[in-house]
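Input: a single structure, listed below in C-alpha cells.
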Amino acid sequence: SQQGEEDPQALSIQEGENATMNCSYKTSINNLQWYRQNSGRGLVHLILIRSNEREKHSGRLRVTLDTSKKSSSLLITASRAADTASYFCATDGMNYGGSQGNLIFGKGTELSVKP
Amino acid sequence: EAQVTQNPRYLITVTGKKLTVTCSQNMNHEYMSWYRQDPGLGLRQIYYSMNVEVTDKGDVPEGYKVSRKEKRNFPLILESPSPNQTSLYFCASSFTLGTGGVEQYFGPGTRLTVT
C-alpha cells in the first residue's frame with residue numbers, strides 16, 4: 001500500500017549539475033516530507049511542505065508541490081559528491097485508509113553524484 | 001544530544017528464538033514508530049504509538065509486537081522470528097503528528113538476520 005512513488009529510481013549526475021527527483025502520491029494529503037538516507041544509515045529529515053504551500057526552499061534544496069497532480073519534486077542545485085544518497089518522500093496517511101500517525105514512505109531515488 | 005538509539009545494531013538469530021529490539025529517545029516525543037526497510041520495497045511502517053499505552057498497526061504488523069509503557073521507550077518484539085523478517089529496522093520519533101506535519105527523527109538502524 002505504497003502512497004508515494006519516487007521517480008527516477010536511480011539518477012547519476014556530475015558534480016555541479018542539478019538533480020531533480022519526483023514523487024507522486026495517490027490520495028489527498030496534509031503535508032509531504034523529503035528525507036535523505038546515506039547507505040544503511042537512518043533517514044534524515046530535509047524539508048516539509050504543507051498542502052497549502054506550492055514551493056519551499058532550504059539552502060540548495062527546492063521543493064514544489066502540485067496537489068492537483070498529486071506530485072512533488074525535489075531539486076538539489078549545484079550538486080556535490082556528498083549529496084550521494086537515497087532520497088525518499090513521505091506523506092501522512094490521514095486520508096489513505098489509515099489513522100493519524102500512518103506515515104507512508106516511497107521506495108526512494110538513489111542519487112549518485114560523481115566528482 | 002538529542003537522539004534516537006536502537007539496540008542491538010546487528011543481530012543474527014535463528015528461526016523461532018524470541019528477540020527484542022529496543023528503541024529509546026531523549027526528546028520527550030509523544031510519537032514513536034517502527035519501520036522495516038527491504039531492497040526494492042522502501043520503508044514500510046510496522047507499528048506506531050501516539051503516546052504512552054497507545055499503539056496501532058502500520059502497514060506490515062504481522063509477526064511483530066510492540067509496547068509503550070514509558071514515553072521514551074518503544075521496543076519491537078519478535079515472538080517467533082522467521083527468515084522473512086530478515087531486514088533493516090528503523091525506529092523513529094517525533095512530536096505528535098498533526099495535519100501540519102512534523103519531522104521524524106530516526107535511529108541508526110538494526111540489521112537483523114534470521115536463519
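In what follows, chains are A, B, ... by sequence order, proteins preceding strands, each numbered from 1.
When the side chains of ILVMFWY residues are joined at heavy-atom separations under 4.5 Å, either directly or via intervening members, Val113(A) and Leu61(A) end up in a single hydrophobic cluster. Residues Ile29(A) and Val63(A) share a hydrophobic cluster, clusters being chains of Ile/Leu/Val/Met/Phe/Trp/Tyr side chains in contact below 4.5 Å. Taken together through direct or relayed side-chain contacts under 4.5 Å among Ile, Leu, Val, Met, Phe, Trp and Tyr, Tyr89(B) and Phe74(B) form part of one hydrophobic cluster. There is no path of hydrophobic side-chain contacts, each under 4.5 Å, that joins Leu48(A) to Leu75(A). There is a path of hydrophobic side-chain contacts, each under 4.5 Å, that joins Leu65(A) to Trp34(A).
In this structure a side-chain-to-backbone donor-acceptor pair under 3.5 Å is missing from Tyr105(B) to Val44(A).
From Gln37(B), atom CD reaches atom CZ of Phe88(A) across 4.5 Å, with rounding to the nearest 0.5 Å. Here the straight-line distance linking atom CD of Glu103(B) with atom CG of Leu46(A) works out to 9.5 Å at 0.5 Å rounding. Here the CD atom belonging to Gln37(A) is positioned 6.5 Å from the CG atom belonging to Leu43(B), to the nearest 0.5 angstrom.
Contacts from residues 6-29 of chain B to chain A, taken as heavy-atom pairs separated by less than 4.5 Å, involve no residues at all.
Residues His45(A) and Gln104(B) fail the side-chain proximity criterion, which asks for heavy atoms closer than 4.5 Å.
Atom CZ of Arg80(A) sits in a sparse spot, with 12 or fewer heavy atoms from other residues, nucleotides or ligands closer than 6.0 Å. Counting heavy-atom neighbours within 6.0 Å of Glu110(A) CD, excluding the residue itself, gives a total of 12 or less. Few gaps surround CD on Glu53(A); more than 12 heavy atoms of other groups in view lie less than 6.0 Å from it.
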